[in-house]
Amino acid sequence: MALLQINEPGQSTNPHEHRLAAGIDLGTTNSLVATVRSGEASVLPDEEGRSLLPSVVRFREKGDTQIGYPALAEMVNDPLNTISSAKRMIGRKTADIKTLRDHLPYHFDDESANVPRIITADGPRSAIEVSAEILTALKKRAEQALSGELAGVVITVPAYFDDAQRQATKDAARLAGLNVMRLLNEPTAAAVAYGLDEGSEGVYAIYDLGGGTFDISILRLNKGVFEVLATAGDSALGGDDMDRLIAEWILDEINQAELSTDNQFLRQVMVVARAAKEALTDNDSTVIKLTLPDGSTQTISLNRSRMNDIIAPVIDKTLLPCRRSLRDAGLDKTDIDGIVMVGGSTRVRSVQEKVETFYNRKLYTGVDPDQVVAIGAAIQADILIGNRATGDMLLLDVIPLSLGIEIMGGMVEKIIPRNATIPVTRAQEFTTYKDGQTAMSIHVLQGERELVTDCRSLARFELKGIPPMAAGSGRVKVSFQVDADGLLSVSAREATTGTETRVDVKPSYGLTDAEVEQMLRDSITHASDDIQARQLAEQRVEADRAISALENAMAIDGNTHLDDNERSALLECMEALGKIKEMDDADNIKQAINELNDLSEPFAARRMNASIQDAMAGHNINEFSE
Ligand code: ADP
Ligand code: MG
């Protein structure tokens, strides 16, 4: 199929020169690396022929670090030093992972730190460093298989990753010595792999349920253009949650509630729970064997229909984002042409059944659900590195939450709406609020609500050097730019002098998925509150403006144009407005502003006449009528 090229400045190469590029699926549970050879994308296996690298790292004394299967095997024996699911912590602040942390066996070094670190036998390690170890292992694997150095890679991230999580992933890649050409959303990568294989056109839902994350994206595939219409998901939902429910069931069955605080035993239960779940994909029933801390063994059996009941809440929970993505895309289930199933957990039979029933559409399960993301990333890497002279492809992704700035009255003016296609640049002009204002403070926010206090603060910066002008005549253009990796930079420019300033927005921590969910839910439930809050805030700003304008005018020539009665009437009216302004009724404030305007009208008229007379002094009326 014909695809349109993305032009990456400075990355075009001599067509005869083949450069090594790879696609990396940095998963919560498993990671993979793939590359394109002789026009075919394939996953690169390790020396033992295994394509998955478990995303587990065990830190031992003196830097003797184990990565992948050997580390996975030690999870039960050495839980404190063996770190899994680092992706759930990457780009998160200690406070953000509090609830997560309560379920983890690790010891964290500093409760107040911005970047949480786990204390290991080889010193404290952050999720970024853990991910860097995994990336380093994949880099080595690829360079050995391809006999050369990788010139560039594409790394996939969940579509729902926010700015901080994307930055942290890039930092991990930098630590691993990788040149990241692009961060690509996982479902988009799956579509790339799928679209190329099947030549499909139409609207597709990409349902990706892995070990720790769930993503749903709605993509339109048309003449080789992949357009993301909407994304939704939950970055703390996946196969691990099924394992946890099955583990709880096991603890119940063996009646050993007091063991639920024994970390080592719990890890064993989690491991057998996962094995039982995977076994029930191909078998109707399975036997679970456990060794208790006292050395005795216990055996219980589990059948598929019982397991289906146990894990049903996890699967049902994925259907909420499915609904929301349809609503965001303005589509109905019947508009979806097919569902692409991605991620190891889509092997679970009841996942397939429930998703098929929900959409009442055909499921595409032809591409290996473990490999599809890495393969799509490899294809994209091959294009970006310039190996495909005729490879034309355009990928369009979207931002998950609206971006805006704070305006007067504590309100947020949205500049880029949620689900806008990236890369995107949007600008908006703002005026100065006060006479002689020489600086403007820019507060960048993310979220769906109208008030600053309900959105997430991303950055603040100041534009200085605005020439002093009358209120409303200084014009400042604020531009938001989100690049293809979903990273934001903001600049502000004053029109008359061209004074400019910009920031790259790098928040020190990100939004938790729970916060993202909450913000979206709030924006729907609070829509009418928000409109009222906005009206109130607007009227308050208007009231302040009216009072300060009148105070100014009275200070300048109140003595000339007002008698005592008029002056005290105006002062009284101003004071009343000041009080009404503090109350929560926009209509009342508006009425009080109108009263003040009416009352001050004769004063304004006299000032106007006086200034016209001043201006006309010594001139002929005809000069002005031209
Ligand atoms: P991630 O994207 O989070 O790295 P994967 O896509 O590799 O995760 O999926 C890992 C999950 O898939 C795990 O929860 C694992 O138990 C589950 N899984 C893998 N194979 C099977 C199977 N045959 N049956 C059921 N679940 C499976
Ligand atoms: Mg995955």
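Note that the structure is a prediction, hence the values are computed from the model and not measured. First listed ligand is number 1; within each ligand, the first listed atom is number 1. The chain is numbered in sequence order, starting from 1.
- A salt bridge does not link Asp122 to Arg60: none of the charged side-chain nitrogens sits closer than 4.0 Å to a carboxylate oxygen.
- A salt bridge links Glu278 with Arg274: the distance from a Lys NZ or Arg NE/NH1/NH2 to an Asp or Glu carboxylate oxygen falls below 4.0 Å.
- A distance limit of 4.0 angstrom between heavy atoms and ligand 1 selects the residues Gly27, Thr28, Thr29, Asn30, Gly210, Gly211, Gly212, Gly239, Arg274, Lys277, Glu278, Thr281, Gly343, Gly344, Ser345, Arg347, Val348.
- Using a cut-off of 4.0 Å between Lys/Arg side-chain N and Asp/Glu carboxylate O, Asp243 and Lys277 are scored as salt-bridged.
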Side-chain donor-acceptor contacts of residues 133-140 below 3.5 Å, not counting sequence neighbours, with atom names and distances?
from	atom 1	to	atom 2	distance (Å)
Thr136	OG1	Ala132	O	2.6

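- For the pairing with Arg347, the side-chain hydrogen bond (donor to acceptor under 3.5 Å, both in side chains) check across Thr281, Asp370, Asp282 returns one residue only, Asp370.
- For an aromatic pair to be called close, the ring centres must be under 6.0 Å apart, and Tyr359 with Tyr207 fails this.
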